[in-house]
2 protein chains.
Amino acid sequence: MRKDSRLSRMLHVLVHLHQLQKAITSDQLALMLHTNPVVVRRTMALLREQGYVSAVKGHGGGWTLAKPLHSITLLDIHRSLSEGTLFTIGLTDEHNHCPIEKAVNLAIDDVLQEAENLVLQRFGEVTLDKLAVGYSPKPV
Amino acid sequence: MRKDSRLSRMLHVLVHLHQLQKAITSDQLALMLHTNPVVVRRTMALLREQGYVSAVKGHGGGWTLAKPLHSITLLDIHRSLSEGTLFTIGLTDEHNHCPIEKAVNLAIDDVLQEAENLVLQRFGEVTLDKLAVGYSPKPV
DNA sequence: AACTTAAATAACATCATAAGTTACATAAAA
DNA sequence: TTTTATGTAACTTATGATGTTATTTAAGTT
């Protein structure tokens, strides 16, 4: 299956938006991400809907941060992007009442649920300013 | 994305193989799983290669367990089936040296790695006999 | 007002992979 | 020899992110 790289891409974009302090066009972002401006707009639109970025049309327009990085977590962006689940593993649902199928699915789901909770918790602990490396004029 | 339900399906099959104590054909399994005998053979072949089941051709043939359930873990079956990763989330690799991209990917990968380790550990703790519910003639 | 820039959006194609399907070969028992 | 059942190749389908083309809308520039 093709992986969903939108989280990685959008985090990358948000930190750059923060550092440049001016509007960036979808064309510029597309060059940076080695993709297409329409793909950029489509994905950025999900962040705009949640209030993390703003878009301005026309001359001098483009994308800017709408909130400071320290107020945004990985979890915020993850939730803005993904609707489905985190795992490639799925459970069968044969619509019967086989107790074995139920036991199997429960065993798998228990583990995946625990793992998903861990991921969400960890994502919630990371604010985006922690990713803004090499920005200070005098890096440590 | 379509989920990979092979783990769920195969665990279901293995427990039934244990309980029936005789060979089951791919056609019978396909009926049980609401699928196709070729799909069954294709997936069961991965378990056969790892020595968890045996297949016999011809009259009276079919699939049987090659090891007792208590000697097989969810992890064993998971590893027999999956080659790729567990998550739908992927990292970008734009082949540049952008420190932001690296920091972003590291942050995501740290979390996913921790979660994957958790899943593998939990899967390794569950032997398949624990899934064989409702089998005893006198269930508790 | 006309031109240029850039987002917004619709419509469609591509890609990867489990799943589904068809067809045929091979092996074993009746 | 016939039937049963696995083994396997080749192809199609389904799904969802990604990629692409084209058009519309909005805002600044000339």
Side-chain angles (χ1 to χ4, degrees), chain A residues 1-10 12-13 17 22-49 53-64 66 78 80-94, chain B residues 1-10 12-13 17 22-49 53-64 66 78 80-94:
Chain A
M1 287 176 217
R2 171 174 288 195
K3 295 304 198 65
D4 181 349
S5 62
R6 291 179 300 168
L7 178 62
S8 177
R9 280 179 158 177
M10 289 301 100
H12 189 180
V13 165
L17 284 181
K22 60 174 183 175
I24 310 181
T25 68
S26 300
D27 283 68
Q28 291 174 305
L29 292 176
L31 281 174
M32 188 179 97
L33 299 176
H34 295 169
T35 181
N36 187 294
V38 178
V39 172
V40 171
R41 290 191 190 105
R42 186 189 292 152
T43 316
M44 291 290 284
L46 299 171
L47 304 188
R48 186 193 59 215
E49 290 163 9
V53 293
S54 311
V56 173
K57 288 183 175 181
H59 268 283
W63 298 92
T64 49
H78 171 69
S80 301
L81 298 173
S82 83
E83 293 142 27
T85 56
L86 198 55
F87 300 100
T88 54
I89 291 183
L91 306 181
T92 56
D93 182 14
E94 310 296 355
Chain B
M1 287 179 215
R2 170 174 287 193
K3 296 303 198 66
D4 182 349
S5 62
R6 291 178 300 170
L7 179 62
S8 177
R9 280 179 158 176
M10 289 302 100
H12 189 181
V13 165
L17 284 182
K22 60 173 184 176
I24 310 180
T25 68
S26 301
D27 283 68
Q28 291 174 304
L29 291 176
L31 281 174
M32 189 181 97
L33 299 176
H34 297 169
T35 182
N36 187 294
V38 178
V39 172
V40 171
R41 288 190 194 106
R42 184 188 294 154
T43 316
M44 291 290 283
L46 299 171
L47 304 189
R48 187 194 58 215
E49 290 163 9
V53 293
S54 311
V56 174
K57 288 182 175 182
H59 269 281
W63 298 91
T64 50
H78 170 69
S80 301
L81 298 173
S82 84
E83 293 142 27
T85 57
L86 198 54
F87 300 101
T88 54
I89 290 182
L91 306 181
T92 56
D93 182 14
E94 312 296 355

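As the structure is a computational prediction, the values presented were derived from the model and not from experiment. Letters A, B, ... mirror the listed sequences (proteins, then strands); counts begin at 1.
Atom-to-atom, CG of L47(A) to P of dA7(C) comes out at 14 Å; the value is rounded to the nearest Å. Between L46(B) atom CG and dA19(C) atom P the separation is 11 Å, expressed in whole Å. Rounded to whole angstrom, the span from the CG atom of D4(A) across to the C1' atom of dT18(D) amounts to 10 Å. Atom CD of E49(B) and atom C1' of dT8(D) are 12 Å apart (whole Å). In this structure, the CE atom of M10(A) is 9 Å from the P atom of dT18(D), given to the nearest Å. In this structure, the CG atom of N36(A) is 17 Å from the P atom of dA10(C), given to the nearest Å. If you take NZ of K22(B) and P of dA5(D), they are 11 Å apart, rounded to a whole angstrom. With rounding to whole Å, L91(B) atom CG is found 15 Å from dA17(D) atom C1'.
I24(B) contributes atom CD1, which lies 6.5 Å from atom CE of M32(B) (distance to the nearest 0.5 angstrom). To the nearest 0.5 Å, atom CG of residue L31(A) and atom CG of residue N36(A) are 10.5 Å apart. Once rounded to the nearest 0.5 Å, the distance linking CD of E49(B) with CE of M44(B) reads 12.0 Å.
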**OP:** Give the B/S/- string for nucleotides 22-30 of chain D, one per nucleotide from 5' to 3', where a protein heavy atom under 4.0 Å of the base yields B, of only the sugar-phosphate yields S, and otherwise -.
**Re:** ---BSBBS-

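Within the structure, a side-chain polar atom (N or O) of R6(B) is placed less than 4.0 Å from OP1 or OP2 of dA18(C). For R42(A), no side-chain nitrogen or oxygen approaches OP1 or OP2 of dG19(D) to under 4.0 Å. Proximity of S5(A) to the phosphate of dT18(D): a side-chain N or O atom is located under 4.0 Å from OP1 or OP2. OP1 or OP2 of dG20(C) has at least one side-chain nitrogen or oxygen of T35(B) nearer than 4.0 Å. An OP1 or OP2 oxygen of dA17(D) is reached within less than 4.0 angstrom by no side-chain nitrogen or oxygen of R9(A).
Contact annotation: the side chain of L81(A) approaches that of L47(A) to within less than 4.5 Å [non-hydrogen atoms, C-beta and beyond]. Using a 4.5 Å heavy-atom cutoff, the side chains of L46(B) and M10(B) are not in contact.
Using a 4.0 Å cut-off on heavy atoms, none of the residues of residues 26-34 of chain A approach DNA chain D.
Between the side chains of S8(B) and T92(A), a donor-acceptor pair is found at a separation under 3.5 Å.
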**OP:** For the pair L33(A) and V13(A), evaluate side-chain contact (heavy atoms from CB on, under 4.5 Å) and give the outcome as yes or no after the intermediate values.
**Re:** CA-CA 9 Å; L33(A) 299 176; V13(A) 165; 3.7 Å; yes

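When the nearest nucleotides of DNA chain C are assigned to T25(A) and L81(B) by heavy-atom distance, the more 5′-ward of the two goes with T25(A).
R9(B) is linked by a salt bridge (charged side-chain N to carboxylate O under 4.0 Å, His left out) to nothing, counting only residues two or more places apart in sequence or in another chain.
The backbone N or O of L86(A) lies less than 3.5 Å from a partner atom in the side chain of T88(B), making a donor-acceptor pair.
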